[in-house]
2 protein chains.
Amino acid sequence: MINKIVMKAKFKIWLEEKGGVAFAEGRRMLLEAVDRLGSLNAAAKELGMSYRAAWGKIKATEKALGIKLLEVTTGGKGGGGATLTPEAKELVSKYKQYIDRMTFLVEGEYIRIFENFEIRISKSKTNSNTK
Amino acid sequence: MINKIVMKAKFKIWLEEKGGVAFAEGRRMLLEAVDRLGSLNAAAKELGMSYRAAWGKIKATEKALGIKLLEVTTGGKGGGGATLTPEAKELVSKYKQYIDRMTFLVEGEYIRIFENFEIRISKSKTNSNTK
DNA sequence: CATCGTTATGCCAATTTAGGCATAATGATT
DNA sequence: AATCATTATGCCTAAATTGGCATAACGATG
């Protein structure tokens, strides 16, 4: 019986500052949503997370990198809102570029290196079952 | 005050099979140690983990990929031991090659994309402190 | 000056993950 | 057949991470 392997490479890349996570994909999506919606609250809702969690992520990044990410206002019609600072916009933009590039490379290198491994393993009969 | 950013890119790559983690760096080190020491127990000790944990990782990978990783014997002088199957050796070898290549690329692309970003941010004065 | 939706933050609960204790089985060696 | 270091595995505990509840402050608008 041929036991086809459908192995796949996954990866996660993040930016660290002094050993702590400073920025990663989740935060990039969050900032991108804030930029589009004009509000952290709305962005959190769209991503299915609580405002509390979203705010905490933003704060953690601001503290780690020492830069301000959001320009906020409170009060007024609509209660207020948030927009990205220029630094935040650039961080999001560069991180996106970085992730896209790495996604391409991770996939390409995986295929190059593991290609014939999978084929060979799939054809050998193995005592696969756990018990 | 110049607030120098020493941001760094970190990454983790793993192989998935049907959504579950099948292989990653920790397991590669474990198998590498088994290959060198001839025993899963000794390998676990060297890596500072319990035999229970090490055994669990191996089993999880064997189940996920449907291949046997260790050829084991019990009893006799020394109590027994474990050696890598040819498939395990190849998996370790290819994964190592993959990781080394990606480490190189992650670093290189990071520098290429973020280089001047850090410089600019570092020079602007920021209200860095959390409070 | 009351309203309303947003930002801001402490605090506790819950879920997930990892670790390790305990115990059985193995089998060549003596 | 007693020994001994290893493999094998169930089960419970601890730790770390995440999520969300509750509540305060804000301030332009009407």
One thing to verify: whether Arg28(B) and Glu32(B) come together as a salt bridge, which I'm taking to mean a side-chain N less than 4.0 angstrom from a carboxylate O. no
What's the verdict on side chain to side chain contact (heavy atoms under 4.5 Å, CB included) for Ile13(A) and Tyr110(B), showing C-alpha distance, side-chain angles and the deciding distance? CA-CA 10 Å; Ile13(A) 293 191; Tyr110(B) 172 75; over 6 Å; no
Mind telling me whether Tyr98(A) and Tyr95(A) have parallel, tilted or perpendicular rings, with 30° and 60° as the class edges? perpendicular
Salt bridge present between Lys8(A) and Glu16(B) (N-O < 4.0 angstrom): no
Going 5' to 3' through nucleotides 13-21 of chain D, assign each nucleotide B (protein heavy atom under 4.0 Å from a base atom), S (under 4.0 Å only from sugar-phosphate atoms) or - (no protein heavy atom that close). -------BB
To the nearest Å, give me how far apart NZ (Lys77(A)) and C1' (dC26(D)) are. 17 Å
Salt bridge check, Glu90(A) against Arg120(B): does any charged N sit closer than 4.0 Å to a carboxylate O? yes
Euclidean distance, atom CD of residue Glu71(A) to atom P of dT7(C) [Å, nearest integer]: 13 Å
Per-nucleotide protein contact string for nucleotides 2-8 of chain D (B base, S sugar-phosphate only, - none; heavy atom under 4.0 Å): ---BBBB
Leu40(A) pairs by side chain to side chain contact (heavy atoms under 4.5 Å, CB included) with which of Leu30(A), Thr83(A), Val72(A)? Leu30(A)
Chi angles and distances behind the side chain to side chain contact (heavy atoms under 4.5 Å, CB included) call for Ile58(A), Arg27(A): CA-CA 7 Å; Ile58(A) 298 293; Arg27(A) 299 177 192 195; 5.9 Å; no
Step-by-step side chain to side chain contact (heavy atoms under 4.5 Å, CB included) determination, Ile67(A) to Glu62(A): CA-CA 5 Å; Ile67(A) 65 180; Glu62(A) 287 185 334; 5.8 Å; no
